[in-house]
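Heads up: the structure comes next, in structure tokens.
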Amino acid sequence: LPDNYSSAYTGAIYTIDDTTTTQPQIVEVLDSQRGETLGFRRVQYLNNNKINIARYLARALNPQPILSSGWSVPEGRTVEAQLISDDVPTEKRIFTASLSDLSEDRLLSSLTHRTVTHRDLDEISLFAHAGQLTISVAFGVDSPTQQIVAMRNHKGGLISYVLDVENILGYANKPEEVRQFWIYISLAGKTIGQLRYSLIPATSQSVRLGWLNPYGAIDYHTFRSLGRLLRSEKERVMTGNSVQRVSTIRSSYVWEEVLSSGYLPAATAVALSGLLSSPRVWRVEDGEAYLVDVTEEMVAVSDEEQLSALRFSVREADPHQTQFF
């Protein structure tokens, strides 16, 4: 059996020990937490006696941004599954939306330098074994004073803490002068993660994006809008025999917004560029999150004195349809 917290994409492989029978077997894949059947698999003469159930598990995963501050067990990022053959069930196993198996205590992100405004929320997602989790803040990288922001007696597994930036600034002696702060995450007194936050002014051009990262968690960054473009897309068909005529049979338009990350350390820009290949990207606005598409052909990365900037455009996931005559 796979280990608990194996990847639903790369680690969802079972081995059949009984290979003596030549009769086909019907294996049911069950979401044991919800009591729902995810699918059936007919198996006979398997290569290496392996069953990969990744495509069944993917149907049950539905990661979404967490839009309220504090601790929470993220929903939609794990699925508890078991196989049933000849009415005999396997032990239950928990699979995650990560592309790799999770076994060690860790921060579920490679984006350790984050950009926020005072009005933003930011998600800190962890995989941790059972123990006391502590979130602390410091207002200097070498500051000996770390103030505890939140604590939780964790039972083990995935856990998220959504940080309210405005609340964090309340721990500073002079909140109005804060430009950076550091967050430390510890389990049973041992540090398992550290984050640096850069604070930028909140303006009408601030755009907050979240995206599913390779660890099955959601990263965020506040970008600056460079303006909006109206882009038309048309579906054409060629008709006629002796005389060919191209006619537009359907037209749609979409608003695209060009975003810039601003200049960042190269390592941060590389971690940030994960949103370009992410299967899900959200725009977070007024306490709501809705899916957007990233227009990759407008991506540009520029270097200046070891700093990099990311520039691309986003648009609504579903284009507006227009009548065409």
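Note that the coordinates shown come from a computational prediction; the quantities given were computed from them, not determined experimentally.
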(Q) Tell me whether E257 contacts the main-chain N or O of R315 through its side chain, where contact means a donor paired with an acceptor under 3.5 Å. (A) no

*Answer yes or no: is there a side-chain heavy-atom contact under 4.5 Å between F40 and V27?*
no

Between the CD atom in E256 and the OG atom in S313, the distance rounded to the nearest 0.5 Å is 4.0 Å

Check your understanding: Does the Y220 side chain pair with the main chain of D120, one donor and one acceptor, at a distance under 3.5 Å?
Key -> no

| message | Could you walk me through whether L275 and D219 satisfy the side chain to side chain contact (heavy atoms under 4.5 Å, CB included) test, starting with their C-alpha distance in whole Å, then the side-chain angles of each, then the deciding distance to 0.1 Å, before giving a yes or no? | response | CA-CA 9 Å; L275 76 89; D219 287 332; over 6 Å; no

CD1 of I13 to NZ of K50, rounded to nearest 0.5 Å, is 7.0 Å

_I'd like to know if the side chain of D31 reaches the main chain of R34, judged simply by a donor and an acceptor atom lying under 3.5 Å from each other, with no hydrogens or angles considered._
yes

Could you go through W182 and F139, starting from their C-alpha distance and side-chain angles, then the distance that decides it, and tell me whether this counts as side chain to side chain contact (heavy atoms under 4.5 Å, CB included)?
CA-CA 6 Å; W182 284 257; F139 295 95; over 6 Å; no

State plainly whether the residues R93 and E91 are in salt-bridge range, i.e. N to O under 4.0 Å. yes

For S125 and L107, the nearest pair of non-hydrogen atoms, with its separation, is O-CD1, 3.5 Å

Next item on the list: Look at the side-chain heavy atoms of Ile, Leu, Val, Met, Phe, Trp and Tyr, link any pair under 4.5 Å apart, and say whether V292 and L276 land in one connected group.
Entry: yes

(request) Please lay out, stage by stage, how E104 and F127 fare under the test side chain to side chain contact (heavy atoms under 4.5 Å, CB included). (result) CA-CA 7 Å; E104 298 180 357; F127 174 77; over 6 Å; no

- In the single-linkage hydrophobic clustering (I, L, V, M, F, W, Y; side-chain heavy atoms under 4.5 Å), do I135 and V178 co-cluster? yes

Distance-only criterion, 3.5 Å: show the donor-acceptor pairs between side-chain atoms of residues 192-202 and protein atoms not counting sequence neighbours.
| unit_1 | atom_1 | unit_2 | atom_2 | d |
| --- | --- | --- | --- | --- |
| R196 | NH2 | H113 | ND1 | 3.2 |
| Y197 | OH | D122 | OD2 | 2.7 |
| S198 | OG | H113 | NE2 | 2.7 |
| S198 | OG | Q180 | NE2 | 3.4 |

Minimal heavy-atom distance between D164 and E166, with the atoms involved, is OD1-N, 3.1 Å

Residues A289 and P65: closest non-hydrogen pair is CB-CG, 3.9 Å

| query | Would you find a donor on one side and an acceptor on the other, under 3.5 Å apart, between the side chain of S261 and the backbone of L310? | reply | yes

Is there a path from L108 to L209 through hydrophobic residues (I, L, V, M, F, W, Y) whose side chains come within less than 4.5 Å of each other?
-> no

Separation between OG1 (T134) and CD1 (I148), nearest 0.5 Å, reads 5.5 Å

- Evaluation steps, side-chain hydrogen bond (donor to acceptor under 3.5 Å, both in side chains), between N62 and R280: CA-CA 10 Å; N62 185 29; R280 288 192 182 183; 2.7 Å; yes

* Check for a donor-acceptor pair, side chain of N4 on one end and backbone N or O of I94 on the other, with a separation under 3.5 Å. => yes

Only residue of L1, L30, V29 satisfying side-chain contact (heavy atoms from CB on, under 4.5 Å) with Q82 is L30

Practice prompt. Tell me, with the steps shown, if F223 and F312 meet ring pair (Phe, Tyr, Trp, His ring centres under 6.0 Å).
Written response: CA-CA 10 Å; F223 296 87; F312 58 95; 5.3 Å; yes

Can a donor-acceptor pair be found, under 3.5 Å and without considering hydrogens, that links the side chain of S278 to the backbone of L212? yes

Those residues at least two apart in sequence (or on a different chain) that pass salt bridge (Lys or Arg N to Asp or Glu O under 4.0 Å) with E285 are R283

task = Please confirm whether the backbone N or O of G216 pairs with a side-chain atom of N213, one donor and one acceptor, at under 3.5 Å?
result = yes

Problem - Polar side-chain atom of T10 near backbone of S7 as donor-acceptor pair, under 3.5 Å - result: no

Evaluate the side-chain proximity of R114 to S109: yes if any heavy-atom separation is below 4.5 Å, no if none is.
-> yes

When every non-hydrogen atom of L67 is compared with those of G287, the smallest separation belongs to CD1-O, 3.4 Å

Heavy-atom nearest pair, A128 first then L133, reads CB-CD2, 4.4 Å

_Looking at Y215, I'd like to know if the NZ or CZ of R77 sits under 6.0 Å from its six-membered ring centre while staying within 45 degrees of the ring's axis._
no

Indicate yes or no: at least one non-hydrogen side-chain atom of T78 is less than 4.5 angstrom from one of F95. no

Is it true that, when you exclude R152 itself, more than 12 heavy atoms of the residues, nucleotides or ligands shown sit nearer than 6.0 Å to its CZ? yes

* Asked: Going by heavy atoms in the side chains, are L272 and L111 under 4.5 Å from each other?
  -> yes

Are the side chains of S160 and W71 in touch, meaning some heavy atoms are under 4.5 Å apart? no

Q: Please examine the side chains of I183 and S136, heavy atoms only from C-beta on, and report whether any two atoms are closer than 4.5 Å.
A: no

- Message: Contact between S206 and R119 at the side-chain level, heavy atoms closer than 4.5 Å - yes or no?
- Response: yes

One should read off an interatomic distance between R311 CZ and R224 CZ, to the nearest 0.5 angstrom, of 10.5 Å

Worksheet entry | Flag, side chain of T222 to backbone of R208, donor-acceptor distance under 3.5 Å | no

inquiry  = Any non-hydrogen side-chain atom of L259 less than 4.5 Å from a side-chain atom of V314?
reply    = yes

When rounded to the nearest 0.5 Å, the distance separating CD1 of I51 from OG1 of T15 is 9.0 Å

**Item:** Cluster overlap I53 with I84, hydrophobic side-chain contacts below 4.5 Å
**Value:** no

Scanning both residues in full, the closest heavy-atom pair of G157 with Y5 reads CA-OH, 3.4 Å

CD of Q64 to CG of L291, rounded to nearest 0.5 Å, is 7.0 Å

For this session: Report yes or no: does T96 contribute a side-chain atom to a donor-acceptor pair with the main-chain N or O of S98 at less than 3.5 Å?
Result: yes

Membership question, hydrophobic clusters at under 4.5 Å side-chain separation (ILVMFWY): are Y161 and V73 in the same one? yes

request  = Go through L158 and E75 one step at a time and tell me if the side chain to side chain contact (heavy atoms under 4.5 Å, CB included) criterion holds.
outcome  = CA-CA 10 Å; L158 300 187; E75 298 181 358; over 6 Å; no

